[in-house]
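Computation of the quantities below employed the complete heavy-atom set of this structure, encompassing side-chain atoms and omitting hydrogens, waters and symmetry-equivalent molecules.
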Amino acid sequence: QVQLVESGGGLVQAGESLRLSCAASGRFRGINSMGWYRRAPGKERELVASLTSGSSTNYADSVKGRFTISRDNAKNTMYLQMNSLKPEDTAVYYCLANWLSRDGSRSFDTWGQGTQVTVSA
């Protein structure tokens with residue numbers, strides 16, 4: 001099983017930056033893809049950015065050029081650098097990891113608990 005712990009959320013003003021972290025721990029062979037999602041009040045959860053094990057990235061149009069996803073494989077940690085934040089970025093941000101069982105025979109998805117990001121105008 002894998003546990004994901006997110007950190008780095010908070011309250012900032014528009015134009016400022018935050019960096020979110022998502023650390024994976026537990027018993028697993030490896031992590032395939034990881035991603036950040038967010039859910040704003042009254043809205044559906046949406047993909048913000050994703051990163052495959054081969055370092056391919058994908059971003060929502062609304063964050064392209066402002067957010068950067070990265071991972072430190074040695075630390076099993078994923079990051080989301082968020083620059084030029086806007087009030088519409090306010091949401092609970094969740095990380096998702098697709099990981100391999102210890103014997104490599106199965107893959108699973110695990111979600112983090114979420115971290116609140118609030119951007120004031």
Side-chain angles (χ1 to χ4, degrees):
Q1 188 60 275
V2 166
Q3 296 80 41
L4 300 178
V5 177
E6 298 147 350
S7 60
L11 171 64
V12 297
Q13 293 187 329
E16 294 184 339
S17 299
L18 280 174
R19 189 176 81 153
L20 304 183
S21 299
C22 174
S25 61
R27 296 175 177 270
F28 55 96
R29 169 168 290 192
I31 295 177
N32 296 322
S33 60
M34 299 186 79
W36 289 98
Y37 290 74
R38 67 186 180 188
R39 177 175 283 159
K43 294 187 177 182
E44 299 280 329
R45 184 163 56 190
E46 63 174 353
L47 173 68
V48 177
S50 63
L51 177 62
T52 68
S53 58
S55 300
S56 295
T57 58
N58 182 45
Y59 294 94
D61 288 342
S62 59
V63 307
K64 283 181 181 176
R66 299 189 297 122
F67 291 10
T68 303
I69 189 172
S70 62
R71 63 190 283 183
D72 183 334
N73 291 325
K75 297 181 179 179
N76 288 319
T77 301
M78 173 179 65
Y79 305 97
L80 185 68
Q81 178 67 42
M82 305 186 293
N83 298 329
S84 302
L85 282 161
K86 304 175 181 180
E88 51 263 44
D89 294 318
T90 294
V92 178
Y93 284 70
Y94 300 88
C95 65
L96 170 68
N98 179 267
W99 52 277
L100 277 173
S101 60
R102 293 186 74 186
D103 65 4
S105 64
R106 298 181 64 185
S107 64
F108 301 88
D109 286 338
T110 295
W111 289 91
Q113 81 285 359
T115 185
Q116 177 70 47
V117 172
T118 303
V119 185
S120 63

Mind listing the closest non-hydrogen atom pair of Ala14 and Ala121 along with its distance? CB-CA, 4.4 Å
Check whether any side-chain heavy atom of Leu20 lies under 4.5 Å from a side-chain heavy atom of Val117, and answer yes or no. yes
Can you name the nearest heavy-atom pair linking Ser70 to Leu51, along with the distance? C-CD2, 3.7 Å
CZ (Arg71) and SG (Cys22) are apart, to the nearest 0.5 Å, by 10.5 Å
Grouping I, L, V, M, F, W and Y whenever their side-chain heavy atoms are under 4.5 Å apart, do Val92 and Met78 come out in a common cluster? no
If you apply the rule side-chain contact (heavy atoms from CB on, under 4.5 Å), what do you find for Phe67 with Leu18, and how did you get there? CA-CA 10 Å; Phe67 291 10; Leu18 280 174; over 6 Å; no
For Gln116 and Ala91 the tightest heavy-atom approach is NE2-O, 3.4 Å
When you look at Thr68 and Tyr79, which way does the side-chain contact (heavy atoms from CB on, under 4.5 Å) test go after all the steps? CA-CA 8 Å; Thr68 303; Tyr79 305 97; over 6 Å; no
Mind listing the closest non-hydrogen atom pair of Tyr94 and Gly112 along with its distance? CD2-O, 3.7 Å
About how many Å separate OG of Ser120 and CG of Leu85, when rounded to the nearest 0.5 Å? 10.5 Å
Looking at Asp103, is its backbone amide N or carbonyl O close enough to the side chain of Ser105 to form a donor-acceptor pair, meaning the two atoms are under 3.5 Å apart? no
Using modelled atom types and a 3.5 Å cut-off, is there a donor and acceptor pairing between side-chain atoms of Ser84 and backbone atoms of Arg66? no
With distance as the sole test, does Thr118 use its side chain to make a donor-acceptor pair with the main-chain N or O of Thr90 at under 3.5 Å? no
Go through the steps to decide whether Glu6 and Tyr93 satisfy the test side-chain contact (heavy atoms from CB on, under 4.5 Å), and finish with yes or no. CA-CA 9 Å; Glu6 298 147 350; Tyr93 284 70; over 6 Å; no
So does Lys86 pair up with Asp89, basic N to acidic O under 4.0 Å? no
Decide side-chain contact (heavy atoms from CB on, under 4.5 Å) for Asn58 and Leu47; before the verdict, give the C-alpha distance in whole Å, the side-chain angles of both, and the deciding distance to 0.1 Å. CA-CA 9 Å; Asn58 182 45; Leu47 173 68; 3.6 Å; yes
Please determine, by modelled atom types, if Ser53 and Asn32 share a side-chain donor-acceptor pair under 3.5 angstrom. no
Do Leu80 and Arg38 come within less than 4.5 Å of each other through their side chains, counting heavy atoms only? no
Nearest 0.5 Å, what's the NZ-OG1 distance between Lys64 and Thr57? 9.5 Å
Could you measure the distance from the OG atom of Ser101 to the CD atom of Gln1? Nearest 0.5 Å is fine. 11.5 Å
Given the rule that I, L, V, M, F, W and Y join up when any side-chain heavy atoms are under 4.5 Å apart, are Leu96 and Val2 in one cluster? no
For a 4.5 angstrom cut-off between non-hydrogen side-chain atoms, does Ser17 reach Gln81? yes
Applying a strict under-4.5 Å side-chain criterion to I, L, V, M, F, W and Y, I'd like to know whether Trp99 and Tyr37 cluster together. no
Would you mind reporting whether Met82 and Val48 have side-chain heavy atoms less than 4.5 Å apart? no
Leu100-Ile31 co-clustered via ILVMFWY side chain contacts under 4.5 Å: no
Hydrophobic cluster membership, with links at side-chain heavy-atom distances under 4.5 Å among I/L/V/M/F/W/Y: are Phe28 and Phe108 in one? yes
Are side-chain heavy atoms of Ile69 and Met34 found at a separation under 4.5 Å? no
